[in-house]
Amino acid sequence: MSATREVTAKKPAARPLVDGSLIFFIALAAVAMVLVVWIKGPGPLTVALSHASGLMVSIAPLIALGLLLGGLARELADPKQIAPILGAQSGWAGLVLATALGAVTPGGPFAAFPIVYALFLAGADVGAVIAFLTAWSIIGIQRIVTWELPLLGHEFVFVRVITSLPLPIIAGALARLLARGPLAIDRPEYQGAAAARGKDST
Amino acid sequence: MIISLLILTVATAVAGFFAWRREPASLGRAFAFSTDQGLRLALRLPFSLVAASCFAELVPDGMTVSIMGPDTGLKGILLASLIGGLLPGGPIVSFPIAILLARDGAGGPQVIALITGWSVYAVNRVIAYELPIMGTRFVALRLLASSFVPPVSGILAGLLAGVIGWSIALQ
């Protein structure tokens, strides 16, 4: 376990610090500044820059703390331990569990989609997979603590998260209904695993 | 802001304690990961904030209020959901845009629909990750099954905020 964890922990450091996305953001900022001066003049540019720097100063300590919490969440929630549990579940309990697991799964789409695909191959039903994905995207704890809490405040976050809690479960149940009808999905064949399991989940 | 800082500090301390109790070395890994992410963010965030602030200046006065202000109701919530789905990129782009729209007069439920629309419809993420990995039928099924989520989250959040008297408007 510790070997695989070391690999995943080292992986981000291998990415160069200056890459295409940094250049994209610099270019975007430059274009935006030129457009503001061109269309509205230098005054509004000063306003925009002071907005941006004020925002930067006020959220920097919160984001730093949020990132540290995100890093700790990665250590506490190991997707490799989660996958088999979700694959074995079904029914409403399965949807609730998938929602909870989606919420604690850290990382961006590059990390989450391989997990989702593995869950699907391992026999998780499509409703549970969709509940998982929906929960990961709307109530993902790592994104909430890194971004939403610092930028939008605790009242906003509390109200949004509480009301969003049941929605992934409902989306998963809807997906099950739809998958029984016109949008039936064949599990992808994967080294005999799917064939051995058969089409039992629907 | 102070309360957010307090919640984050407590949560980080608790998570740190559990990680340490499970495996002391995990604290070092978590710190290394956060530092790496933080460096990337420290380089990109100033530019994304400048870009978002400048684009906010370019939005004509009153346009945000008329499209997704607090009085736009269901129409504003639906529109905000769709606009959110079209926002490109990760949280580094979408959250600054959301906060600037909120300061420019967007209503609380509308901002929530926007963020949830960005999370659920996520045109950008669908094209880059979901279609190639999960396939067309899965994407169609997921989008159909979760299409109600962004507007309903905006509506429910507005109702709850009204009931408990908390403010989700950010001006």
Side-chain angles (χ1 to χ4, degrees), chain A residues 9 12-13 17 22 25-26 28-29 32-33 35-36 39-40 44 47-49 51-52 55-56 58 62 64-69 71-76 108-109 113 117 130 133-134 137-138 143 145 147 149-156 159-160 162-164 167 171 174-175 178-179 183 185, chain B residues 1 3-5 7-9 11-12 15-16 18-19 26 29-34 36-40 43-44 46-51 53-55 57-58 90-91 95 99 112 116 119-120 125 129-130 133-134 137-138 140-142 144-146 149 152-153 156-157 160-161 166-168 170:
Chain A
L17 212 52
L22 177 59
F25 280 117
I26 294 174
L28 194 68
M33 286 166 71
L35 280 177
V36 168
I39 296 171
K40 295 224 157 173
V47 173
L49 289 180
H51 260 163
L55 206 55
M56 185 75 201
S58 62
L62 293 158
L65 215 51
L67 281 171
L68 187 55
L69 185 52
L72 290 167
R74 272 168 59 96
E75 294 296 327
L76 289 170
F113 273 101
Y117 190 60
I130 282 171
L133 256 179
T134 309
S137 64
I138 71 171
R143 207 191 65 205
V145 300
W147 290 100
L149 209 50
L151 281 170
L152 301 174
H154 69 283
E155 291 198 5
F156 183 94
V159 170
R160 191 188 73 73
I162 292 289
T163 48
S164 290
L167 303 181
L174 258 176
L178 289 168
L183 275 167
I185 291 183
Chain B
M1 201 61 108
I3 295 175
S4 295
L5 192 63
I7 294 172
L8 273 174
T9 310
T12 307
F18 279 111
S26 66
R29 287 197 301 269
F31 191 72
F33 173 78
S34 319
D36 180 68
Q37 295 284 301
L39 268 174
R40 279 163 213 292
L43 287 173
R44 288 162 180 70
F47 295 108
S48 85
L49 287 176
V50 165
S53 303
C54 285
F55 285 126
E57 284 297 316
L58 290 174
F95 279 103
I99 197 171
I112 285 179
T116 315
S119 313
V120 171
R125 191 187 71 208
Y129 294 95
E130 199 171 354
I133 296 177
M134 305 301 293
R137 282 182 86 85
F138 179 89
L141 179 64
R142 186 188 67 80
L144 207 60
S146 57
V149 170
V152 168
S153 77
L156 288 180
L160 179 66
W166 280 20
S167 167
I168 50 171
L170 298 159

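Numbers restart at 1 for each chain; the letters A, B, ... are given by sequence-line order, proteins then strands.
When the candidates A:Phe25, A:Trp147, A:Phe156 are compared by the number of heavy-atom contacts under 4.5 Å with chain B, A:Trp147 comes out ahead. Interface remark: of the candidates B:Ser146, B:Pro91, B:Ala161, B:Ser167, B:Pro91 forms the most heavy-atom pairs closer than 4.5 Å to chain A. Ranked by non-hydrogen atom pairs under 4.5 Å with chain A, the options B:Leu144, B:Leu141, B:Leu160, B:Ile168 are led by B:Leu141. The residue among B:Val149, B:Val152, B:Val120 with the most heavy atom pairs within less than 4.5 Å of chain A is B:Val149. The most heavy-atom pairs under 4.5 Å with chain B, out of A:Thr134, A:Leu35, A:Leu68, come from A:Leu68. Note: B:Ile112 leads B:Ile99, B:Ile112, B:Leu43, B:Thr116 in heavy-atom pairs under 4.5 Å with chain A.
Panel note: side chain A:Glu155, backbone B:Trp166; no donor-acceptor pair is recorded below 3.5 Å. A distance-only check finds a donor-acceptor pair linking the side chain of B:Ser26 to the backbone of B:Ala19 [under 3.5 Å].
Residue A:Ala32 comes nearest to B:Cys54 through the heavy atom pair CB-CB, 3.5 Å, listed as atom of the first residue, atom of the second, then distance.
Heavy atoms of other residues, nucleotides or ligands lying less than 6.0 angstrom from CZ of B:Phe31 number 12 at most.
Residue A:Ile39 touches chain B through its side chain alone, counting heavy-atom pairs closer than 4.5 Å. If you measure heavy-atom distances from A:Ala64 to chain B, you find no contacts under 4.5 Å at all. Proximity to chain B (any heavy atom under 4.5 Å) is shown, for A:Leu167, by both the backbone and the side chain.
Residues A:Leu152 and B:Phe95 form a side-chain contact, since some pair of their non-hydrogen atoms from C-beta on lies under 4.5 Å apart.
Every residue meeting the salt bridge (Lys or Arg N to Asp or Glu O under 4.0 Å) condition with A:Arg160, not counting sequence neighbours, appears here in chain and number order: A:Glu148. Listed by chain and number, the residues in a salt bridge (Lys or Arg N to Asp or Glu O under 4.0 Å) with B:Glu130 are B:Arg142 (sequence neighbours excluded).
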